[in-house]
Amino acid sequence: MRLLALSGSLRARSSNGAVLRSALTFWDGPATTADIGALPHFNPDLDGEGATPPAPVAALRTAAATADALLVVSPEYAHGVPGVLKNALDWLVSSGECVSKPVAVITASPFPTGGDHANAQLREVLRTMSGEVVTAACREIPAIGPKVDPTTERVTDEATLTDLGVAMAHLAAAATAAPLTTP
């Protein structure tokens with residue numbers, strides 16, 4: 001099972017990056033983290049009929065197309081989705097790589113809300129893109145600061161790690177579910 005991970009934070013020492021790296025330790029298979037910071041601003045003129053998409057866009061689409069599941073981990077900025085992550089999703093909207101893919105959304109915040117606004121927005125966007133949001137695999141992690149070891153850049157809080165393991169198990173189960181066939 002191949003996993004494509006998208007991080008909504010470009011910060012080198014991001015707590016959401018630590019959440020993503022920690023979550024990936026529970027994935028049994030190859031995992032790739034997309035370089036969404038390399039993407040140009042979404043512009044349909046760069047991607048119209050007969051156009052060749054920019055190389056970073058083509059790479060993202062290939063990674064999404066070959067993945068069995070998607071993991072989106074993001075902070076919340078001003079009660080919303082960070083622009084860099086929304087930009088990446090915009091490049092995937094019309095190309096179809098997310099259709100019927102199991103997706104988990106995890107947000108982490110220094111605040112008690114756990115990034116609930118961004119989490120809800122991401123789920124809505126991914127559903128609109130026809131991704132299969134796996135509700136049991138989605139999480140909002142509040143007060144993330146003390147749950148991360150800045151030296152290892154990993155989550156060290158046992159309860160949070162256990163919960164991440166459960167979330168990733170739900171995502172893996174959704175990714176391995178046999179497709180329904182109709183007679």
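Computed from heavy atoms alone, side chains included, the values below leave out hydrogens, waters and symmetry copies.
Between atom CG of residue D157 and atom CG of residue L161 there is a gap of 7.0 Å, rounded to the nearest 0.5 Å. Note that OG of S14 and CD1 of I144 are 9.5 Å apart. Values are rounded to the nearest 0.5 Å. Once rounded to the nearest 0.5 Å, the distance linking CG of L89 with CD of Q121 reads 11.5 Å. The CE atom of M129 lies 9.0 Å from the OG atom of S94; values are rounded to the nearest 0.5 Å. Rounding to the nearest 0.5 angstrom, the gap separating the CG atom in L3 from the OG1 atom in T33 is 8.0 Å. To the nearest 0.5 Å, atom CG of residue L85 and atom OG of residue S7 are 8.0 Å apart.
Cluster annotation: V133 is not connected to L171 through the hydrophobic network of ILVMFWY side chains, with a link wherever side-chain heavy atoms come within less than 4.5 Å. In terms of hydrophobic clustering, with Ile, Leu, Val, Met, Phe, Trp and Tyr side chains grouped at heavy-atom distances under 4.5 Å, V72 and L10 are assigned to a common cluster. Cluster annotation: V93 and V105 are assigned to the same hydrophobic cluster (Ile/Leu/Val/Met/Phe/Trp/Tyr, side-chain heavy-atom contacts under 4.5 Å, transitive). Taking hydrophobic clusters as Ile, Leu, Val, Met, Phe, Trp and Tyr residues chained together by side-chain heavy-atom distances below 4.5 Å, L6 does not share a cluster with V73. Grouping the Ile, Leu, Val, Met, Phe, Trp and Tyr side chains by contacts below 4.5 angstrom, directly or via other members, places L122 apart from V134.
Each side chain to side chain donor-acceptor pair (under 3.5 Å) pair with one or both residues in residues 19-32, not counting sequence neighbours, appears once here: R21-E153. Each side chain to side chain donor-acceptor pair (under 3.5 Å) pair with one or both residues in residues 137-148, not counting sequence neighbours, appears once here: R139-D163.
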Donor-acceptor pairs under 3.5 angstrom involving side-chain atoms of residues 64-71: please list them, not counting sequence neighbours.
unit_1	atom_1	unit_2	atom_2	d
T66	OG1	T62	O	3.0
T66	OG1	A63	O	3.3
D68	OD2	R2	N	2.6

Please set out all donor-acceptor pairs under 3.5 angstrom arising from side-chain atoms of residues 36-47, sequence neighbours excluded.
unit_1	atom_1	unit_2	atom_2	d
N43	OD1	D45	N	2.8
D47	OD1	R61	NH1	3.0
D47	OD2	R61	NH1	3.3
D47	OD2	R61	NH2	2.5

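Taking every heavy atom of both residues into account, P142 and P112 meet most closely at CB-O, 3.3 Å. Nearest approach of L20 to A5, heavy atoms of both residues: CD1-CB, 3.8 Å. Across every non-hydrogen atom of A175 and M1, the tightest pair is CB-SD, 3.9 Å. G115 approaches S109 most closely through the heavy-atom pair N-CB, 3.5 Å. Minimum heavy-atom separation, A118 to G80: CB-O, 3.5 Å.
The ring-ring contact (aromatic ring centres under 6.0 Å, His included) check on H117 picks up H79, with sequence neighbours excluded.
Side-chain atoms of L164 and I106, non-hydrogen and from C-beta on, do get closer than 4.5 Å to each other. Taking 4.5 Å as the limit, some side-chain heavy atom of P82 sits within range of a side-chain heavy atom of P75.
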Check the pair E97, L92 against side-chain contact (heavy atoms from CB on, under 4.5 Å), reporting the backbone distance first and the verdict last. CA-CA 7 Å; E97 290 85 7; L92 294 173; 3.9 Å; yes
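No donor-acceptor pair under 3.5 Å is formed between the side chain of E132 and the backbone N or O of K101. A donor-acceptor distance shorter than 3.5 angstrom exists from the side chain of T107 to the backbone of G114, with no hydrogens or angles considered. For the pair R13 (side chain) and P150 (backbone), a donor-acceptor distance under 3.5 Å is present.
Counting side-chain heavy-atom gaps under 4.5 Å among Ile, Leu, Val, Met, Phe, Trp and Tyr, Y77 is found in no cluster with other residues.
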